[in-house]
Amino acid sequence: MRSKLVAGNWKMYKTAAEGAVLATAIRNGLRRKPGVEVAVCPPFTALTAVAQALAGSPIALGAQNLHPEAEGAHTGEISAVMLKEHGCVYVIVGHSERRRECGETDALVNAKALAALKAGLIPIVCVGETREEREAGRTEAVLTEQIRGSLAGLGDRLEGLVIAYEPVWAIGTGLTATPQQAQEAHAHIRRLLAAMGGRDAAARTRILYGGSVKPDNAADLFSQPDIDGGLIGGASLKADSFLAIVHSA
Ligand code: 13P
């Protein structure tokens, strides 16, 4: 069966020094449970300090973005190989904040996911509808388009990646999807994965929920049959709330 994954997306928070303190606190407070993996995704500038703080621990390191090419004249960008060199196991791609602020399209997300896989990183591919799209009854159509576009050509490599369903209206708003709303979306995504890569591969692919996950709602979300953990924003910035979420998985 699928193991659970709880990953912290620190976004643009924590300097290297602050990140090392937070990572150390998470490491010291973690109670290991079989079948539950933990990861943190700091900003690029904190990767090395956090990697050092986590060395020898079971907590994996992830990044928040990458460029689709291995190297080149791309000022300000970072490649998969560079992330790998710094100890990253995971990399988030296609987060809605990047889709919105940086104009990332499904095609670009697809290229980034491919580059990550090629370098031996596990992409955490984010999808999710806006409030307007949900209210217009378009949630499943939007997820279908994003999954097909972002995972084009990856049908035979589904198990090497992680999907994160993050309804845009739930991110940083305190409005969590109900466990039923999230489960419906996750089940839809799993059906799409089955159509792309077969039922067995789809059954083995982890689908995380993200969007205002907190210690008091995590257990209900994580107990849904198609929810395999969470991608945690705000609540991952404090060791006690992140650990409470991890321990409820
Ligand atoms: P919040 O947990 O702050 O809503 O953020 C979710 C998110 O965007 C994780 O990637």
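Remember, it's 1-based here, ligands and their atoms both numbered in the order they're listed. These values consider heavy atoms only, across backbone and side chains, with no hydrogens, waters or symmetry-generated copies.
- Taking distance alone, with nitrogen or oxygen atoms compared against 3.5 Å, His95 approaches ligand 1 more closely than that limit.
- With a 4.5 Å cut-off on side-chain heavy atoms, Glu97 and Asn65 do not count as touching.
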Identify each donor-acceptor pair in which a side-chain atom of residues 42-51 lies under 3.5 Å from a protein atom, sequence neighbours left out, and give them as a table.
from  : atom 1 : to    : atom 2 : distance (Å)
Thr48 : OG1    : His86 : ND1    : 2.9

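- Between Leu5 and Tyr90 the shortest side-chain heavy-atom distance falls below 4.5 Å.
- The distance from ligand 1 to the heavy atoms of Gly234 drops below 4.0 Å at these ligand atoms: 1 (P), 2 (O), 3 (O).
- Put simply, the side chain of Lys33 gets close to the backbone of Ala249: a donor and an acceptor are under 3.5 Å apart.
- Residue contact annotation: Lys11 has a non-hydrogen atom under 4.0 Å from ligand 1.
- His95 places no side-chain N or O within donor-acceptor distance of the main-chain N or O of Gln64, the cut-off being under 3.5 Å.
- Put simply, part of Gly211 is less than 4.0 Å from ligand 1, judged by heavy atoms.
- The environment of CD in Glu71 is sparse: at most 12 heavy-atom neighbours from other residues, nucleotides or ligands sit within 6.0 Å.
- Only the side chain of Asn9 comes within contact range of ligand 1, with a heavy atom under 4.0 Å; no backbone atom does.
- Inclusion of Gly233 in the set of residues having an N or O under 3.5 Å from an N or O of ligand 1 is warranted.
- At distances below 3.5 Å, not a single donor-acceptor pair connects side-chain atoms of Thr24 with backbone N or O atoms of Ala53.
- Set against the non-hydrogen atoms of Gly172, the atoms of ligand 1 under 4.0 Å away are 1 (P), 3 (O), 4 (O).
- In terms of protein heavy-atom proximity, atom 9 (C) of ligand 1 is closest to Glu166 OE2, 2.8 Å.
- If you look at Ala170 next to ligand 1, the close heavy atoms, those under 4.0 Å, all belong to the backbone.
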